Amino acid sequence: MIHVFKTSVDTKSKLEFATALLSELLPHAKWNFDLEDCDNILRIESETEVSEIVLQNNIFDCIELE
């Protein structure tokens, strides 16, 4: 399953914090940020439901896109 989020990750320092968080919270998922996109997209590929985990993080703001 692929989940797509609009995020507030727009700087290198925010990306470093987000990377550390996602590596800890989602160790078996594949994910990446597209900071070239105006919505700073985060894509997560995971066999489990990850939306609640990502939406409730305290490092960056995000909204799940459909």
Side-chain angles (χ1 to χ4, degrees):
M1 190 180 320
I2 297 177
H3 302 271
V4 181
F5 301 88
K6 175 181 177 177
T7 74
S8 64
V9 178
D10 58 358
T11 65
K12 187 174 181 174
S13 62
K14 287 182 185 178
L15 179 61
E16 290 172 3
F17 284 116
T19 297
L21 175 73
L22 292 172
S23 294
E24 182 178 322
L25 294 178
L26 306 171
H28 302 292
K30 295 179 184 177
W31 52 267
N32 68 358
F33 282 93
D34 182 357
L35 301 185
E36 302 270 325
D37 185 275
C38 66
D39 290 329
N40 303 312
I41 295 295
L42 165 61
R43 288 180 188 83
I44 301 174
E45 183 178 341
S46 176
E47 293 182 14
T48 61
E49 180 59 42
V50 298
S51 296
E52 281 191 43
I53 294 169
V54 175
L55 292 171
Q56 295 177 0
N57 83 82
N58 59 357
I59 301 294
F60 59 92
D61 296 325
C62 62
I63 299 170
E64 187 164 18
L65 303 176
E66 295 185 25

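The model shown is predicted, which means the values in this text are computed figures rather than measured ones.
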request  = Say whether I44 and L25 are linked into one hydrophobic cluster, either directly or through other cluster members, by side-chain heavy-atom distances under 4.5 angstrom.
outcome  = yes

ask   = Where is the tightest heavy-atom contact between V50 and S46, given as atom of each residue plus distance?
value = CG1-OG, 3.6 Å

query = Heavy-atom distance under 4.5 Å between the side chains of L15 and F60, does that happen here?
reply = no

note = Smallest heavy-atom separation, R43 atom then D34 atom, equals NH1-CB, 3.9 Å

ask   = Is the shortest heavy-atom distance from the side chain of F5 to the side chain of S51 under 4.5 Å?
value = yes

task = Please answer: with hydrophobic residues joined when any side-chain heavy atoms are less than 4.5 Å apart, are V9 and F17 in the same cluster?
result = yes

task = Heavy atoms only: give me the nearest C62-N57 pair and the separation to one decimal.
result = SG-ND2, 4.2 Å

message = I'd like to know if the side chain of T7 and the backbone of N40 have a donor-acceptor N/O pair within less than 3.5 Å.
response = yes

message = Would you say NZ of K14 has more than 12 non-hydrogen atoms from neighbouring residues, nucleotides or ligands within 6.0 angstrom?
response = yes

task = Have a look at I53 and tell me which of L22, L26, T48, L21 forms a side-chain contact (heavy atoms from CB on, under 4.5 Å) with it.
result = L26

key: Main-chain N/O of I41 paired to D39 side chain as donor or acceptor, under 3.5 Å   = no

ask   = What distance do K12 atom NZ and L35 atom CG have between them, rounded to the nearest 0.5 Å?
value = 11.5 Å

task = Enter the distance from H3:NE2 to E49:CD here, rounded to the nearest 0.5 Å.
result = 4.5 Å

In one Ile/Leu/Val/Met/Phe/Trp/Tyr side-chain cluster, 4.5 Å: L42, L55 = yes

